[in-house]
Amino acid sequence: MYKLIRQAGTARRGEFTTVHGTFQTPAFMNVATAGAIKGGLSADDLRNVGCQVMLSNTYHLHLRPGDDVIRHLGGLHKLSCWNGPILTDSGGFQVFSLAKLRKITEEGTHFSSHIDGKNIFMGPEQSMQIQSNIGSTIAMAFDECIENPSPREYVEKSAARTVRWLARCKNEMNRLNSLPDTLNQHQLLFGINQGGCYDDIRIDNMKSIAELDLDGYAIGGLAVGEPTEEMYRIIDVVEPHMPKDKIRYLMGVGTPGNIIEAVRRGVDLFDCVMPARNGRHGHLFTWQGIMNINNSKYIEDNSPIDSACGCEVCKKYSRAYLRHLIKANEMLGMRFAVIHNLYFYNELMLKIRDSLDEGTFESFAEKYTDLLDSRI
RNA sequence: GCCUACUUAGCUCAGUCGGUAGAGCAUGCGGCUGUUAACCGCAGGGUCGUUGGUUCGAGUCCAACAGUGGGCG
């Protein structure tokens with residue numbers, strides 16, 4: 001349940017209460033696709049980097065170890081030892097990113113497993129059943145994510161189908177939550193706005209899904225090919241039609257600058273693979289901008305990654321050591337980089353919240369939006 | 001000492017019937033936005049051990065020498 005604490009223009013400071021605890025918004029969800037943050041972080045590590053919400057993936061967990069297995073083991077919370085809120089993505093994005101061999105019908109989607117090529121069918125009901133078995137705090141609607149730009153005719157058709165799917169998701173979730181042996185009978189459901197880069201489709205779609213009175217609303221289908229300014233414009237267009245009393249989630253976004261700009265436009269919740277993936281690849285987010293620790297200029301640099309950072313890596317280890325570890329392909333290098341980057345993202349959200357509480361958000365945004373996305 | 005194999009990019013190696021050289025790794029740089037991603041892309045880098053010979057033309061065929069490995073004494 002979302003509680004709006006205060007507003008600064010369209011920017012919102014709030015909190016969201018669930019059966020697995022309350023988290024403060026704006027918030028960033030740390031991506032643990034297969035039930036773990038890639039780079040070797042445990043649930044304890046997640047707590048240490050200040051994570052409030054973990055995000056895992058329906059599709060991946062369905063394939064391995066199997067959602068039935070997870071259910072028998074007591075759910076993903078028990079399995080991973082993360083006892084805070086977990087949001088599961090629905091699998092809709094995988095249909096998009098594993099686009100090779102797929103067939104989308106009114107019923108759902110046929111596509112092949114990236115692990116063994118096996119044919120998989122997933123529709124709204126299947127996605128809800130899997131997420132129910134995983135026992136996540138928040139389930140995402142099964143949607144179709146399309147690339148930008150896409151032809152208007154297709155976007156229109158797809159967005160309308162996603163609304164019909166959403167109604168089916170809601171019915172199925174209600175049914176599952178009412179079963180006596182369901183892991184989490186209070187599982188929440190967020191709807192997802194689609195409509196590509198067409199303002200009127202976005203707005204119509206948002207109005208339609210708002211009527212279903214869900215627990216939260218996401219903006220999907222952004223940061224998938226369109227220019228950044230276009231993404232901001234779509235948020236501006238959709239925001240007035242999003243319920244004020246529901247949490248708002250911008251899916252898959254983004255860079256620190258993207259997040260600040262989206263908070264300014266009224267978004268409460270984010271997730272992105274960037275801090276983890278780019279970290280593993282040697283790109284580190286700092287309060288001075290983005291650093292590529294692979295660069296030879298750091299070979300003998302004894303200073304911490306970011307002297308302004310309080311993470312466990314910056315407190316003890318040098319740029320030279322981290323560069324060495326990553327160049328030497330040591331697991332510890334990736335782990336350190338991901339710990340640092342996630343700490344940075346979670347601290348970014350904390351500072352955004354503090355600035356909203358103190359009424360200094362605009363000056364914070366002024367100072368950091370471009371700086372944090374720039375290269376050192 | 002004799003026999004034999006090898007010598008091409010920093011490293012490990014390809015290189016067809018003779019037509020002025022490629023890869024992987026390494027190095028340097030870049031990319032990554034609801035993770036098929038410890039991944040992907042680009043770039044720099046070679047008087048083909050040396051000296052001769054054959055040939056219109058040799059990394060490639062021949063000889064000698066040098067170095068390295070293996071075998072036999």
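In this text the structure is predicted, and so the values were computed from the model without any measurement. Sequence lines set the chain letters: A, B, ... in the order given, protein chains first and strands last, and positions in each chain run from 1.
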Engineer: Say you pick atom P in rC17(B) and the same atom in rC11(B); how far apart are they, in whole Å?
Structural biologist: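 Pairwise P distance, rC17(B) against rC11(B), rounds to 29 Å.
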Engineer: Base, sugar-phosphate, or nothing for Glu226(A), non-hydrogen atoms under 4.0 angstrom?
Structural biologist: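 Contact class for Glu226(A): none.
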Engineer: Is there a Watson-Crick or G-U wobble partner for rG45(B) with both distances under 3.5 Å, and if so, which one is it?
Structural biologist: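 Here rG45(B) is not engaged in any pair, so there is no nucleotide opposite it.
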Engineer: Using the P atom as the reference point in each nucleotide, state the distance between rC48(B) and rA58(B) in Å, no decimals.
Structural biologist: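 Roughly 12 Å separates the two P atoms.
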Engineer: Mind listing the residues from residues 136-147 of chain A sitting with a heavy atom below 4.0 Å of RNA chain B? Number order is fine.
Structural biologist: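 Those residues are Asp143(A), Cys145(A).
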Engineer: Return the nucleotide paired to rC40(B): Watson-Crick means purine N1 to pyrimidine N3 with N6-O4 or O6-N4, wobble means G-U with N1-O2 and O6-N3, both under 3.5 Å.
Structural biologist: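 Across all strands, the one nucleotide that pairs with rC40(B) is rG30(B).
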Engineer: Who else is in the cluster with Tyr2(A) when I, L, V, M, F, W and Y are joined by side-chain contacts under 4.5 Å?
Structural biologist: Leu4(A), Phe16(A), Phe23(A), Met29(A), Val31(A), Val53(A), Leu55(A), Leu87(A), Ile138(A), Met140(A), Leu188(A), Phe190(A), Ile192(A), Ile247(A), Tyr249(A), Met251(A), Leu269(A), Val273(A)
Engineer: Please report the interatomic distance CD(Gln187(A)) to CG(Asp215(A)), rounded to the nearest 0.5 Å.
Structural biologist: 10.0 Å
Engineer: Using a cut-off of less than 4.0 Å, is there contact between a side-chain N or O of Gln94(A) and OP1 or OP2 of rU35(B)?
Structural biologist: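 For rU35(B), OP1 or OP2 has a side-chain N or O of Gln94(A) closer than 4.0 Å.
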Engineer: Between atom CG in Asn278(A) and atom C1' in rU33(B), what is the gap in whole Å?
Structural biologist: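 In whole Å, rU33(B) C1' lies 9 Å from Asn278(A) CG.
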Engineer: With a 4.0 Å cutoff (strictly under), does any side-chain N or O of Asn294(A) reach OP1 or OP2 of rG28(B)?
Structural biologist: no
Engineer: Looking at every strand, decide which applies to Asp271(A) at a 4.0 Å heavy-atom threshold: base, sugar-phosphate, or nothing.
Structural biologist: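 The residue Asp271(A) makes sugar-phosphate contact but no base contact.
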Engineer: In the strands shown, is rU20(B) matched to any nucleotide by a Watson-Crick or G-U wobble pair with both distances under 3.5 Å, and which?
Structural biologist: none
Engineer: Once you apply a heavy-atom cut-off of 4.0 Å, does Arg323(A) come out as touching a base, just sugar-phosphate, or nothing?
Structural biologist: sugar-phosphate
Engineer: P atom, rU8(B) versus rU50(B): distance in rounded Å?
Structural biologist: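 Rounded to whole Å, the distance is 10 Å.
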Engineer: Once you round it to whole Å, what is the distance between C1' of rG28(B) and CG of Asn292(A)?
Structural biologist: 11 Å
Engineer: Quick one: is Asn57(A) getting a side-chain N or O under 4.0 Å of the rU36(B) phosphate, OP1 or OP2?
Structural biologist: no
Engineer: Could you measure between the two P atoms, the one in rU47(B) and the one in rG59(B), and give it in whole Å?
Structural biologist: 13 Å
Engineer: Looking at Glu153(A), I want to see if its CD is surrounded by more than 12 non-hydrogen atoms of other residues, nucleotides or ligands under 6.0 Å.
Structural biologist: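 No - once you tally the heavy atoms of other residues, nucleotides and ligands closer than 6.0 Å, there are 12 at most.
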Engineer: Using a cutoff of under 3.5 Å, can you pull out all pairs of nitrogen or oxygen atoms linking the protein to nucleotides 37-41 of chain B, with atom names and distances?
Structural biologist:
{"residue": "rA37(B)", "atom": "O2'", "partner": "Arg280(A)", "partner atom": "NH2", "Å": "3.0"}
{"residue": "rA37(B)", "atom": "N7", "partner": "Arg277(A)", "partner atom": "NH2", "Å": "2.6"}
{"residue": "rA38(B)", "atom": "OP2", "partner": "Arg280(A)", "partner atom": "NE", "Å": "2.8"}
{"residue": "rA38(B)", "atom": "OP2", "partner": "Arg280(A)", "partner atom": "NH2", "Å": "3.0"}
{"residue": "rA38(B)", "atom": "O2'", "partner": "Asn329(A)", "partner atom": "OD1", "Å": "3.0"}

Engineer: Please list, in numerical order, the residues of residues 229-257 of chain A that have a heavy atom closer than 4.0 Å to any atom of RNA chain B.
Structural biologist: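 When residues 229-257 of chain A is checked for heavy atoms under 4.0 Å from RNA chain B, the hits, listed by number, are Met251(A), Gly252(A), Val253(A), Gly254(A), Thr255(A).
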Engineer: On a whole-Å scale, what distance lies between the C1' atoms belonging to rA14(B) and rU60(B)?
Structural biologist: 13 Å
Engineer: Got a salt bridge between Glu358(A) and Arg6(A), using NZ or NE/NH1/NH2 to carboxylate O under 4.0 Å?
Structural biologist: no
Engineer: Please report the distance, rounded to the nearest Å, between CD1 in Ile86(A) and P in rG34(B).
Structural biologist: 19 Å
Engineer: So what does Lys297(A) hit on the nucleic acid, given a heavy-atom distance under 4.0 Å: a base, only sugar-phosphate, or nothing?
Structural biologist: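 Touches nothing.
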Engineer: In sequence, state the C-alpha distance, the side-chain angles, and the governing distance for Asn278(A) and Asn341(A), and then conclude on side chain to side chain donor-acceptor pair (under 3.5 Å).
Structural biologist: CA-CA 9 Å; Asn278(A) 289 22; Asn341(A) 277 355; over 6 Å; no
Engineer: Given the ring of Trp287(A), does Lys351(A) sit roughly above its face, with NZ or CZ under 6.0 Å from the centre of the six-membered ring and within 45° of the axis?
Structural biologist: yes
Engineer: Within the side chain of Arg323(A), is there an N or O that forms a donor-acceptor pair under 3.5 Å with the backbone of Asn292(A)?
Structural biologist: no
Engineer: Rounding to the closest angstrom, what is the interatomic distance between rG15(B) and rC6(B) at atom C1'?
Structural biologist: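 These two C1' atoms come out 16 Å apart once rounded.
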Engineer: Quick one: label Asn258(A) by what it contacts on the DNA or RNA (base, sugar-phosphate, nothing), any heavy atom closer than 4.0 Å.
Structural biologist: base
Engineer: Measure from CG on Asn295(A) to C1' on rG31(B) and round the result to the nearest Å.
Structural biologist: 13 Å
Engineer: Assign the ring pair Phe364(A) / Phe361(A) to parallel, tilted or perpendicular, where the plane angle (0 to 90°) is split at 30° and 60°.
Structural biologist: parallel
Engineer: Just how far, in rounded Å, is P of rU33(B) from CG of Leu348(A)?
Structural biologist: 19 Å
Engineer: Please classify the nucleic acid contact of Arg375(A) as base, sugar-phosphate, or nothing, using heavy-atom distances under 4.0 Å.
Structural biologist: sugar-phosphate
Engineer: With a 4.0 Å limit, can you tell me whether Ser113(A) has a side-chain N or O closer than that to the phosphate oxygens OP1/OP2 of rU36(B)?
Structural biologist: no
Engineer: Within residues 18-32 of chain A, find the residues that approach RNA chain B with a heavy atom at under 4.0 Å, and present them sorted by residue number.
Structural biologist: Val31(A)
Engineer: Thr25(A) side chain to Gly14(A) main-chain N or O, any donor-acceptor pair under 3.5 Å?
Structural biologist: yes
Engineer: Is the Phe111(A)-Tyr59(A) ring centre distance short of 6.0 angstrom?
Structural biologist: yes
Engineer: Within the distance-only criterion (no hydrogens, no angle test), does the side chain of Ser80(A) pair as donor or acceptor with the backbone N or O of Leu76(A) below 3.5 angstrom?
Structural biologist: yes
Engineer: Assess whether a salt bridge exists between Glu144(A) and Arg161(A), defined as any Lys/Arg side-chain N lying under 4.0 Å from an Asp/Glu carboxylate O.
Structural biologist: yes
Engineer: Quote, to the nearest angstrom, the P distance that separates rU7(B) from rU16(B).
Structural biologist: 12 Å
Engineer: Return the pairing partner of rG10(B) with a 3.5 Å limit on both distances, Watson-Crick or G-U wobble; otherwise return none.
Structural biologist: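 The answer is rC25(B), by the H-bond criterion.
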Engineer: Which residues pass the side-chain contact (heavy atoms from CB on, under 4.5 Å) test with Ala36(A), not counting sequence neighbours?
Structural biologist: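 Testing Ala36(A) for side-chain contact (heavy atoms from CB on, under 4.5 Å), a comparison that skips the adjacent residues, returns none.
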Engineer: Which base sits across from rC2(B) as a Watson-Crick or G-U pair, both distances under 3.5 Å?
Structural biologist: rG71(B)
Engineer: Between Arg319(A) (side chain only) and Ile305(A) (backbone N and O only), is there a donor and an acceptor less than 3.5 Å apart?
Structural biologist: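 Checking the backbone N and O of Ile305(A) against the side chain of Arg319(A), a donor-acceptor pair under 3.5 Å is found.
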Engineer: Atom CZ of Phe285(A) and atom P of rU33(B): how far apart are they, to the nearest Å?
Structural biologist: 11 Å
Engineer: What does Gly221(A) touch in the nucleic acid at a heavy-atom separation under 4.0 angstrom: a base, only the sugar-phosphate, or nothing?
Structural biologist: base
Engineer: Do Lys315(A) and Glu312(A) meet the salt-bridge criterion of a basic N to acidic O distance under 4.0 Å?
Structural biologist: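 Here Glu312(A) does not pair with Lys315(A) in a salt bridge, since their nearest N and O are not under 4.0 Å apart.
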Engineer: Any base atoms under 4.0 Å from Ala276(A), or only sugar-phosphate, or nothing? Heavy atoms, all strands.
Structural biologist: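 Base, at least one base heavy atom under 4.0 Å.
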Engineer: Taking the C1' atom of each, how far is rU12(B) from rG46(B), in whole Å?
Structural biologist: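 Looking at atom C1' only, rU12(B) and rG46(B) are 15 Å apart.
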Engineer: Can you tell me how far C1' of rA26(B) sits from NE2 of His324(A), to the nearest Å?
Structural biologist: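 Result: 15 Å.
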Engineer: Do the side chains of Arg64(A) and Asp116(A) get close enough for a salt bridge, i.e. N-O under 4.0 angstrom?
Structural biologist: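 Result for this pair is no, no salt bridge flagged.
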Engineer: Strictly by Watson-Crick or wobble contacts shorter than 3.5 Å, is anything paired with rG52(B), and which nucleotide is it?
Structural biologist: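 Base partner found: rC62(B).
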Engineer: Name the nucleic acid region contacted by Thr33(A), choosing base, sugar-phosphate or nothing; use a 4.0 angstrom heavy-atom cut-off, strictly under.
Structural biologist: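 The residue Thr33(A) makes base contact.
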Engineer: Ring centres under 6.0 Å, that's the criterion: do His114(A) and His60(A) meet it?
Structural biologist: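 Here the rings of His60(A) and His114(A) have centres that are less than 6.0 Å from each other.
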Engineer: Between His340(A) and Tyr345(A), is the ring centre distance below 6.0 Å?
Structural biologist: no
Engineer: Using a 4.0 Å heavy-atom cut-off across all strands, classify Ile115(A) as base, sugar-phosphate, or nothing.
Structural biologist: nothing
